[in-house]
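Below you'll find the structure, written out as structure tokens, and then a few comments.
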Amino acid sequence: MSKTQPSDASGPMESGPHAPPDGSAGPSSVTQPGTPTVTPAVTPSVTQSGSGAIPAQPTGAPPVDLSVIVPAYNEEARLAPSLEAIRTHLDTLTTGPGRCVRWELIVVDDGSTDATAEVIDKAAATEARIRLLRTPANRGKGHAVRTGVLASRGRRVLVTDADLATPIEDLDLLQHRLDEGATAAVGSRALPGSRIAVRQHALRELLGGAGARLIRAAAVPGIRDTQCGFKLFDGDKVRAAFTRSRLDGWSYDVEILRHFHERGWPVAEVPVRWAHQPGSKVRPLAYPTVLADLVRLRWRAVRPVQIIVPALYLFFAFVLYGGLWGNLGSGYLADSGSDQTQWEWFFAVTADNVANLHNPFFTDLQNFPLGVNLMANTTMLGLSAPLTPVTLAFGAHVTWAIVLTGGLAATAIAWYWLIAKRFVRSRWAAALGGAFCAFAPPMISHGNAHPNFIVFFMFPLIIDRLLRLCEGKRTTRDGVILGLFLTYQIFLGEEALLLAVCGLVLFAVGYAIASPDVAKAVARPLLRGLGIAALVCLPLLIYPLSWQFFGTQSYHSVLHGQVGNHPMALLEFATRSMAGDEKVAASLSLNRTEENAFFGWPLVALTVALVVHLRNQPRVLALGGTALGAVVLSLGQNIPLLGTDRTLPGPWRVLAQMPLFESVIESRVAMVAVPAIGILLALGCDRLAVTRLRSERETSHRLLGWAALAVALLPLVPTPYRTVERAPTPAFLADGTWRTYVRPGHSLVPVPVPSPSDTAALHWQVDADLGFAFPGGYFNGPWGPDRIGIYGPEPRATGELLRKIRETGKIPALGARERRDFRVDLGFWRADVLVLAPQDNVLPLRTAVTRLTGEEPKRIGDTWVWDVRDDR
């Protein structure tokens, strides 16, 4: 065990002169020191705290108005004048006309090796109200302060440092705040009214400021300076806090203030005077010790449910993707279509660009030689770039599995955190809401193939920051953080962010209608914060978005037709739900990755019942309006009238032609209803969990409520994703034989040319370490003079010819025109070799290419190869 700190004006996060000569920082002890000795004659009894024997209040001693605690370690040079200044000032204090403050001054000698104890004895000999407590060994400032506080009798307790870096006269400022109702008043050097007479070294100030921000974020929100050694407390409350404290070192302040924060005891931060005193003994080791103490504080504050719930989310996500994890490399999600191959290619290309310092927004490995605008495709640079080491070390298939599994779990955890923080008291109610937000049928549907529509962990953080802006406390800071959050979300998924904005607008409108006064009050700070966020986003996003919309291979809008949800889909169950019927779901959706509205009739009924039952809460009305508005918008431009062949114009018509919205698949807007319903479920569950039962009728109502939740949610429990074995990469490509045929700056042309429906070449390219480029592929790119967005490359004659032969197995007439087009296309693609791997209709494809080239192919393994280089 190392020695711990002596008394000081500040802890290491704000620096000060308090440390033992050897510079050790002193973690919390695990050994028992001897019982402190006490002078004068009153000997306190001993109580056990977490770090040794601590003297308690003297038995039978009368209470006093104020106890002053001074920890001291090797302070013989400056302690005497400090004690005299404190005693003189305390003698001037009164509690009313003709009544002086009854006080005591407790000095704790924390195992000093100099004459500190003699200085205290001398002061105590002339003033009976001064007491000395001694510990036989140096245990640290936290231990010394705990010793003094637990031995105190004051209705209020002041803790101050031996050097009086903050003058004792500033006690009046702290007393005033306790008179106003605070239970603690902490002196602060970080507030506008603070006066710093002598500053510390610039490096120590920098480290202290960084530490203070870390402490605020990790342990004590709202307090800008926890380490100033001048604090006044309500006596009973601070003694209760120190009884539970465990830290002996610098971080005792943080531990005590966190105790006050957790119990809702108001703490006031008061600007004071402060002057750095010479003789500081703070050593570098003190800083990592404080960081370790912060970790300990946070870990001890974690309740079992806070570990169990995230663990359950992660476990369930692993169960869903068990087939993928059980067969990494060759496992393929059966319902992902071509998307798994595309996403693995995105991850591999991003990793290659990052590792080789290439432009992360562009590549010509697909669609050679034109290339692909990666910023205009959903490459999720916010995850694919940070996961580059994983992709390079283990392969893109591992990154794919991590993003899907971790994305669902992280989304559930983030919603759980927000709901527990902002909406409900019961952690298990929040757990239910978080689970629905991540594992609802629309999310599970996109979990087949669209990680950009399941990785939603940023949205709860964004919503929380918006709610902070509504509070109007720190608008500039919250606006800046919101801007950074929005910027990061752009690199996770822009369409998802656009849909989230729609949901937030729907909620804001609903809340404004339900509670106009509140909406009016929060409008100004919210709008100001949004303006600040926009100013933060603009410089960070101007280049990426310029590349996306105006750079190489950029496009505008995407042709996908009208894809609204069928109204009956809202009442049915999705394919991957326990009660789902894949035939019914297929008849009401575009495909298995777009089952966006299959909530099931029991949940729809329960949601309506919850809104009606909790209608006295504006937030409930706003959430219900958000879910309803999202569902109606998701029905598209033309809403079918059930039982007829007629349609009604849908409100999506208003948005369909607007910039950005023109590319949105409107059925996905139903996903906005997922978090709204999830929060409503959490509110309903919370009502059931925390309401006290006063009659048999209330008991029956609670049982009925739990039964309704079970009936609504059990049919929606998702089933594991089905996986199949992926076809292996041809040996010609896997073993590197292709390298003898393809020159730098030229391409390898798979037969048929890769397209959104035929993406095997993307996997081959990844397996070949991205060594060759090929024409065509699966991406979003421009088409025609208007640069309309389409899936895949702009059609070329040879590509279309080979695609039709593959689909039909029939060879059309191949004349001079087809051969001319073939030569032109090979020249455009800078083709060196054509490769025909095993697949359907190999014979007609081989025959057609042989006729077009005028040469017989060479068989290498199971692959047919045509060498079309000009310089053979």
Under 3.5 Å, sequence neighbours excluded: what are the donor-acceptor pairs made by side chains of residues 459-467?
| residue | atom | partner | partner atom | Å |
| --- | --- | --- | --- | --- |
| Asp464 | OD1 | Lys421 | NZ | 3.1 |
| Asp464 | OD1 | Arg422 | NE | 2.9 |
| Asp464 | OD1 | Arg422 | NH2 | 3.0 |
| Asp464 | OD2 | Lys421 | NZ | 3.3 |
| Asp464 | OD2 | Arg468 | NE | 3.1 |
| Arg465 | NH1 | Asp478 | OD1 | 2.8 |

Indicate yes or no for a side-chain donor-acceptor contact from Arg528 to the backbone of Pro525 under 3.5 Å, with no hydrogens or angles considered.
no
Of all residues at least two apart in sequence or in a different chain, which pass the ring pair (Phe, Tyr, Trp, His ring centres under 6.0 Å) check with Phe318?
Trp325
Evaluation steps, side chain to side chain contact (heavy atoms under 4.5 Å, CB included), between Cys437 and Thr411:
CA-CA 8 Å; Cys437 289; Thr411 298; 5.6 Å; no
Mark yes or no for whether Ser634, through its side chain, and Asn565, through its backbone, hold a donor-acceptor pair below 3.5 Å.
no
Residue list, side-chain hydrogen bond (donor to acceptor under 3.5 Å, both in side chains) with Ser426, at least two apart or on another chain:
none
Taking atom CH2 of Trp706 as the centre, does the number of heavy atoms from other residues, nucleotides or ligands within less than 6.0 Å exceed 12?
yes
Contacts under 3.5 angstrom, residues 496-511 side chains, donor-acceptor by atom type, not counting sequence neighbours:
none

Between the CZ atom in Arg146 and the OH atom in Tyr252, the distance rounded to the nearest 0.5 Å is 10.5 Å
Do His261 and Leu257 make a side-chain contact, defined as non-hydrogen atoms from C-beta onward lying under 4.5 Å apart?
no
His446 and Asn596: side chain donor to acceptor below 3.5 Å
yes
Take a 6.0 Å sphere around CZ of Arg263 and say whether it holds more than 12 heavy atoms from other residues, nucleotides or ligands.
yes
Please name all residues satisfying salt bridge (Lys or Arg N to Asp or Glu O under 4.0 Å) with Lys473, sequence neighbours left out, ordered by chain then number.
none
Just checking, is any N or O donor in the side chain of Glu180 or His176 under 3.5 Å from an acceptor N or O on the other one?
yes
Arg246 backbone acceptor or donor facing Glu255 side chain under 3.5 Å
yes
Asp179: partners by salt bridge (Lys or Arg N to Asp or Glu O under 4.0 Å), with sequence neighbours left out:
Arg156
Thr607 side chain vs Leu603 backbone, donor-acceptor pair below 3.5 Å
yes
Quick one: salt bridge (Lys or Arg N to Asp or Glu O under 4.0 Å) pairs with a partner in residues 494-516, sequence neighbours left out?
Glu495-Arg668
Just to verify, what does Phe436 make a ring pair (Phe, Tyr, Trp, His ring centres under 6.0 Å) with, not counting sequence neighbours?
none
How would you list, by chain and number, every residue that makes a side chain to side chain contact (heavy atoms under 4.5 Å, CB included) with Ala682, sequence neighbours excluded?
Ile419, Val424
Carboxylate-amine/guanidinium proximity below 4.0 Å for Asp236 and Arg239:
yes
Quick one: does any side-chain atom of Thr405 pair with a main-chain N or O of Ala401 as donor and acceptor, under 3.5 Å?
yes
Applying ring pair (Phe, Tyr, Trp, His ring centres under 6.0 Å) to Trp417 and not counting sequence neighbours gives none
What do the steps show when you test Leu247 against His143 for side chain to side chain contact (heavy atoms under 4.5 Å, CB included), and what is the final call?
CA-CA 7 Å; Leu247 298 181; His143 184 271; over 6 Å; no
If we ignore hydrogens and angles and just use 3.5 Å, is the side chain of Asp686 paired with the main-chain N or O of Arg425 as donor and acceptor?
yes
Using side chain to side chain contact (heavy atoms under 4.5 Å, CB included) as the criterion, list what pairs up with Ala431, not counting sequence neighbours.
Val309, Tyr313, Tyr416, Trp428
Going from CD1 on Ile308 to CZ on Arg427, what distance comes out if it is rounded to the nearest 0.5 angstrom?
12.0 Å
Applying side chain to side chain contact (heavy atoms under 4.5 Å, CB included), can you list everything that pairs with Tyr721, at least two apart in sequence or on another chain?
Leu320, Tyr321, Leu333, Ile444, Asn448, Arg576
When rounded to the nearest 0.5 angstrom, what distance separates CG in Leu610 from SG in Cys685?
10.0 Å
